[in-house]
Amino acid sequence: TTVREENVLVSPFTDVEIPDLPFTKYIFDSQEKYGGHTALVDGITGVSYTHDEVRSLCMKLGSALTRLDITQGDIVAIVLPNCPEFAFTFLGGVSIGACVTTINCTYTAEEIAHQLANSGASAVVTNKVLLPKIKDACKTYKGIRHIIVSGHAEENLLSMEDLLKDDSKAFPQNVQINPAKDVAVLPYSSGTTGLPKGVMLTHRNLVANLQQVQHPDISCVIPTSDTYQEVYLGILPFFHIYGMIPCLAYSLCSGGSIVTLPTFDPKVFISSMKKYKVTFLHTVPPIINFMTHNEHVQRDLLSITHHVACGAAPVGSTLIFEFFKKFGDDISFQEGYGMTESSPVTHLTPKDNLVVGSTGMLIPNTYAKIVDINTGQSMGPDEGKGELCIRGPQVMKGYYRNEDATKNTIDKDGWLHTGDIARMDENENIFIVDRLKELIKVKGLQVAPAELEDLIRKHPDVADVAVIGLPDVRAGEVPRAYVVPVPGSSITDQAIAEFVEREVAPHKKLTGGVHFTDCIPKSATGKILRRELKAAALA
Ligand code: AYL
């Protein structure tokens, strides 16, 4: 017998079918329809590849990796900015049954070494510019068997360009991928607490999410035909789930063309929008803020763009209204909500019916409930706010080699606890009103307070520390540290900020400042009471 749970929300959309295919087979099969259309453009060099060429290059890479004895179950790390080669190695690796872990390319050697070690990677793909950092990381972590370098390798290293010349003959014809069990990608997320963890997304998780967001009542994409093709700007990092699945993978499987840009440079962003005639733009709130408020951005920036998508952090109603005021009401705008742990999309605002401030409605095949944060009881539609929980085929298999964290995040009934506080209106539009979890979102990217605290605690002048996120107009949030110095120390706030800056990627810098204090507020069990610190900071 099954017990019907109360207050479970069901998606208003009809279910979609989820084909039982490996992720890359799903993409490659869809691509066949669009063979001669452009698929990828390097936004810096202008070099472009058709859908047929992309598929063929991915197979060549799959073959070349196999010759290097990288096989099913091996972990391949990618440390690259957005570029066509990212796509080739990503899909090439996944197609032979390897699991790809994507690493933020602005990470320091230490941060890279940490993810390499935690994932147990056996190969790493990078470029010439990042190579010194990778070599440093490989002094700490000894498990890398192959370093593959794009853009002219040194003689003793493997060159991506050579691998792309492979004859494909070693591509394994007999690899058996179980879509529901086998992990395709391993991006990192801190989830609701602690340090970043590998998020095990299966082939099925990814195929499901791509099918879900292509539901005709939700998708704002104009289908590819002989006379029309969407042009996407690949500006959001492919190492993050938003850039990887809703941007890159969606574009490839729907016959779009995606123009890759390695970093957000205002001038290059503006010129690329015009040069490549971008029709569909994926953004995070800081990009919306930039376009709306920067004097160099004119209304005509979006003259060819028919749709703007935004997600990964709260965008705020005021900014949305200002955006429409500048660019006009005829641009369609869709906000998305989700997390790495849900591949990532769970909610999207309905097509042509934006409720400003809401992050949307449940996408097909997805269920949600809002639970009281004290009792865990599911709440009715007008019972106020609580923690949002999600169930659906896009919910991760679990955290990599971390059963405790998995159990604390996905309960026995399969509910993913998001750590976000939400409420709902009478039409089942969801509003994210607060964050229960520790996570800090800087420009849409994750910063785990626990990670910065572990680092700062290593400083000999620091007795105790807590890190919180504070609101920031441009970045959304910025990290701030509260530090208890050891007695007698004369350490300065600047010295601590510089100490952190040397060790972490730029978005993790303590832009919110360093404040000295006598003690860190903690619960009886020793948990840092971040919400108290935050409330005091904002008071
Ligand atoms: P992660 N509004 C408010 N907060 C949000 C939103 C939003 N629209 N989207 C994500 N978040 C926060 O793993 C929230 O706290 O994935 C959530 O738990 O880096 C956390 O960010 C997850 O952070 C899309 C496009 C989802 C992007 C994504 C999110 C990927 C971010 C759907 O259409």
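Reckoned from all heavy atoms, side chains included, excluding hydrogens, waters and symmetry mates. Both ligands and their constituent atoms are indexed starting at 1 by order of listing.
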(message) Which option wins on minimum heavy-atom distance to atom 19 (O) of ligand 1: His282, His240, Met339?
(response) His240
(message) Between Phe280 and His282, is the ring centroid distance below 6.0 Å?
(response) yes
(request) State whether a side-chain donor-acceptor pair under 3.5 Å links Asn118 with Tyr400. (result) no
(request) Pull out every atom of ligand 1 sitting under 4.0 Å from any heavy atom of Pro314, numbered as shown with elements. (result) 2 (N), 3 (C), 4 (N)
(message) Checking a contact table here: which protein heavy atom is nearest atom 17 (C) of ligand 1, and how many Å away?
(response) Asp420 OD2, 3.2 Å
(message) Quick check on contacts: which atoms of ligand 1 are under 4.0 angstrom from a heavy atom of Thr359?
(response) 2 (N), 7 (C), 8 (N)
(request) Run through Leu388, Thr346, Asp411, Val395 and flag the one making a side-chain contact (heavy atoms from CB on, under 4.5 Å) with Leu416. (result) Val395
(message) Could you check whether any side-chain heavy atom of Lys508 comes within less than 4.5 Å of a side-chain heavy atom of Gln446, counting everything from C-beta outward?
(response) no
(request) Could you tell me whether Ser189 and ligand 1 have an N or O pair separated by under 3.5 Å? (result) no
(request) Heavy-atom distances under 4.0 Å are what count here, so tell me which part of Thr340 touches ligand 1: side chain, backbone, both or neither. (result) both
(request) State which residues pass side chain to side chain donor-acceptor pair (under 3.5 Å) with Arg391; sequence neighbours excluded, sorted by chain then number. (result) none
(request) For the residue pair Leu206 and Ile245, establish whether any side-chain heavy-atom pair is separated by less than 4.5 Å. (result) yes
(request) May I ask you to check whether Phe269 and Phe264 place their ring centres under 6.0 Å from each other? (result) yes
(message) Can you name the atoms of ligand 1, numbered from 1 with element, that are less than 4.0 Å from a heavy atom of Glu335?
(response) 2 (N), 7 (C), 8 (N)
(request) Flag Gly336 as yes when one of its N or O atoms lies below 3.5 Å from any N or O atom of ligand 1, and as no otherwise. (result) yes
(message) Give me the residue, atom name and distance of the protein heavy atom closest to atom 7 (C) of ligand 1.
(response) Ala313 O, 3.6 Å
(request) Would you mind listing which atoms of ligand 1 come within a distance below 4.0 Å of any non-hydrogen atom of Lys437? (result) 15 (O), 17 (C), 18 (O)
(message) Among all the protein's non-hydrogen atoms, which is closest to atom 23 (O) of ligand 1, and how far away is it?
(response) Lys441 NZ, 2.8 Å
(message) Below the 3.5 angstrom mark, is there an N/O of Tyr242, backbone or side chain, next to an N/O of ligand 1?
(response) no
(message) Heavy-atom distances under 4.0 Å decide this one: backbone, side chain, both or neither, for His347 against ligand 1?
(response) neither
(message) If you measure every N or O of Ala312 against every N or O of ligand 1, does any of those distances drop under 3.5 Å?
(response) yes
(request) Going by the side-chain contact (heavy atoms from CB on, under 4.5 Å) test, name the single residue among Leu281, Thr260, Thr305 that passes it with Leu233. (result) Leu281
(message) Filter on ring pair (Phe, Tyr, Trp, His ring centres under 6.0 Å), then keep only pairs touching residues 361-387, sequence neighbours left out; what's left?
(response) none
(request) Answer with side chain, backbone, both or neither: which part of Gln446 has a heavy atom less than 4.0 angstrom from an atom of ligand 1? (result) side chain
(request) Find out whether Thr340 and Tyr188 are in side-chain contact, i.e. whether some heavy atom of one side chain is under 4.5 Å from a heavy atom of the other. (result) no
(message) Tell me the contacting part of Tyr337 for ligand 1: side chain, backbone, both, or neither, using a 4.0 Å heavy-atom threshold, strictly below.
(response) both
